[in-house]
2 protein chains.
Amino acid sequence: MGRPRGFDAEEALEAAVHVFWAQGYEGASLSDLTTAMGISKTSMYAAFGNKDDLFRRALEKYVEGPADYGARAVEEPTARQVAAAFLQGSVRATTRPGSPAGCLGVHGALATSATAHGARDVLVAWRRDGESRLEQRFRRAVEEGDLPADSDPARLARYVMTVANGIAVQAVTGATRQDLQDVADTALLNWPSA
Amino acid sequence: MGRPRGFDAEEALEAAVHVFWAQGYEGASLSDLTTAMGISKTSMYAAFGNKDDLFRRALEKYVEGPADYGARAVEEPTARQVAAAFLQGSVRATTRPGSPAGCLGVHGALATSATAHGARDVLVAWRRDGESRLEQRFRRAVEEGDLPADSDPARLARYVMTVANGIAVQAVTGATRQDLQDVADTALLNWPSA
DNA sequence: GCACTTCCGCACCAGGCGGTACGGATGTGC
DNA sequence: GCACATCCGTACCGCCTGGTGCGGAAGTGC
C-alpha cells in the first residue's frame with residue numbers, strides 16, 4: 001500500500017557501485033552518488049539508510065558481480081589452477097572496459113579519514129576472508145597431494161592475495177590488461193607442484 | 001632581517017610526512033597537518049605555499065628518507081639482488097615500527113577526489129619513474145649476462161613493482177613484517193638466472 | 001632605541017560535506 | 001472517490017574544508 005518507489009533500487013545500487021569503485025568511500029560524495037543514481041538525497045536515505053549502509057549494499061553487489069572470481073577460483077580442480085584463476089580474475093575485474101579501473105575493495109581499504117573507518121573495517125574483513133578461503137583450499141590441496149607436503153598454505157594464500165592487490169594498484173595507475181596478465185603469469189612461474 | 005621563523009621547517013615537514021603517510025592526501029586535513037606540525041595555518045601557508053606544495057615537499061622528504069630503498073636497490077651487483085633488495089626495502093618501509101603502515105605513494109595514488117588529482121599525478125609519475133629505473137637496471141643485467149638473454153626487463157620490473165605495491169596494501173590492512181618478508185621471499189623463488 | 005621586516009594568532013570567507021524536517025504530490029486498497 | 005501510506009523535491013541544519021586579511025607581537029641590523 002502507499003505510493004510505490006519511483007525508481008529501480010537495484011539499478012540505482014548498480015550506479016552507486018560504479019561511483020564507489022571509481023572514487024572510493026571517501027571520494028564518493030552524496031552528490032556524486034545521488035546524481036549517478038538519478039535520485040534525490042531524500043530517496044536515497046529512505047531506500048538505503050545512510051552512506052555507510054549504501055556502501056555495504058554496494059560492496060555486496062560488487063562481490064556477487066564483478067568480484068565473484070574469488071568464489072569461483074576456489075572451485076578449480078588443482079591449487080595451481082586456483083591461483084591462476086584468482087589472479088586472472090583480478091586482472092580482468094580491475095581492467096574491465098566500461099568499468100572503473102582497480103578494485104573497489106582496495107580503494108576503500110586504504111581510505112583513512114576517521115569517518116571512513118567503518119567502511120574500511122568491512123573491507124579488511126572481506127579481504128581476510130578471501131585470503132582464508134584460499135588458505136583452506138590450499139590446505140585441502142596438500143591433503144590431496146596436489147601441493148607438496150611441506151607447502152605452507154597460509155603463505156601461498158598471502159602471496160596470491162598480495163599479487164592480486166598489487167595488480168589492483170597498478171590497474172588504477174594506468175597498467176593495461178596485457179601488462180597485468182604478464183605479471184600474473186610471471187607470479188605463477190614458480191608454483192610448487194607435488 | 002626581520003623576525004626569524006619560530007619553528008624548524010624540516011621538523012615540521014617531517015611531521016607532515018607522517019600525517020600524509022598515515023592518512024593519504026585527501027584524508028589529511030589542514031587541521032590534522034598543522035596540529036601535528038605544531039604551527040598555525042598561517043605559518044604553514046607562509047612557509048610552504050599551500051596543501052599541494054606541502055605534499056610535494058613531503059613526498060620529496062619521504063623519497064629521500066623512508067623510501068630511499070628504491071634508489072639503493074638498483075646499486076646491487078646482480079638483478080636478483082636488486083629485486084630482493086627492492087622487495088625487502090618495501091617490506092621494511094611499510095612495516096616500520098613507529099611509522100605509519102603502508103606506503104605514502106600508494107595511499108596517495110589511489111586518492112581519487114577531483115581536488116587530489118594533482119597529488120595523484122605526481123605519485124603516478126614517481127611510481128612510473130621507479131619502475132623504469134628497475135627496467136633499465138634489468139636491461140643492463142641482460143647485457144652483462146646476469147639475466148638470460150630472452151628475459152623481458154620491462155615485465156620483470158613490472159612484476160617486482162606490483163608485488164611491492166601489494167605489500168604496501170597488505171601492510172595497511174594488518175599483515176606483519178614477517179608475513180610480508182615471506183611474501184617477498186616467495187615472489188623471488190622463480191627469479192630467472194643466466 | 002629606532003625603523004623596519006617578518007611572523008603568527010584570531011577571526012573570517014565561500015563552499016561542500018553528511019544528514020534531516022516538512023509538506024505537497026502520487027499512487028494504493030477498499 | 002475516499003482515506004491513507006508512501007514517496008520525494010526543496011530548503012535547511014551544523015560542521016568541516018582549504019584558504020585569507022588583518023593587526024599586534026617579536027626579533028633584526030644599525
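These figures come from a predicted structure and were not determined experimentally. First the proteins, then the strands, lettered A, B, ... as listed; each starts at 1.
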Practice item. Tell me what B:T115 touches on the nucleic acid: a base, only sugar-phosphate, or nothing, going by heavy atoms under 4.0 Å. Key: nothing
Exercise for review: Looking at every strand, decide which applies to B:A28 at a 4.0 Å heavy-atom threshold: base, sugar-phosphate, or nothing.
Suggested key: sugar-phosphate
Point to revise | B:Y45 vs A:R5, nearer the 5' end of DNA chain D by closest nucleotide | key: A:R5
Review point. Mind checking which nucleotides bracket the chain B contacts on DNA chain D, 5' to 3', with an atom under 4.0 Å from a heavy atom?
Key: D:dT17 to D:dT28
Check your understanding: Can a donor-acceptor pair under 3.5 Å be found between the side-chain atoms of B:T42 and the base atoms of C:dC7?
Key -> no
Exercise for review: With DNA chain C as reference, determine whether B:A46 or A:G49 sits nearer its 5' end, using the nearest nucleotide of each.
Suggested key: B:A46
Point to revise | Residue mapping more 5' on DNA chain C - nearest nucleotide basis, A:D52 or B:G6 | key: B:G6
Can a cation-pi geometry be assigned to [X] and [Y], taking NZ or CZ under 6.0 Å from the six-membered ring centre and within 45° of the ring axis?
X: A:K51; Y: A:Y25; result: yes
X: B:R57; Y: B:F55; result: no
X: B:R155; Y: B:Y159; result: no

Review point. For B:N165 and B:T162, does a side-chain donor sit closer than 3.5 Å to a side-chain acceptor?
Key: no
Check your understanding: Do the side-chain N and O atoms of A:S132 and A:E135 include a donor-acceptor pair separated by under 3.5 angstrom?
Key -> no
[X] [atom1] - [N] [atom2] separation (whole Å):
X: A:M44; N: C:dG19; atom1: CE; atom2: P; answer: 8 Å
X: A:K41; N: C:dG18; atom1: NZ; atom2: P; answer: 8 Å
X: A:F55; N: C:dG19; atom1: CZ; atom2: C1'; answer: 19 Å
X: A:L33; N: C:dG16; atom1: CG; atom2: C1'; answer: 14 Å
X: A:D32; N: C:dC17; atom1: CG; atom2: P; answer: 7 Å
X: A:Q23; N: C:dC17; atom1: CD; atom2: P; answer: 11 Å

Check your understanding: Do any side-chain nitrogens or oxygens of B:S43 fall under 4.0 Å of OP1 or OP2 in C:dC8?
Key -> yes
Point to revise | Validation row, ring centre B:F86 to ring centre B:W191 under 6.0 Å | key: no
Review point. Should A:D179 and B:R158 be marked as a side-chain contact (heavy atoms from CB on, under 4.5 Å) after you check the CA-CA gap, both sets of side-chain angles, and the distance that decides it?
Key: CA-CA 8 Å; A:D179 290 342; B:R158 196 150 45 225; 3.3 Å; yes
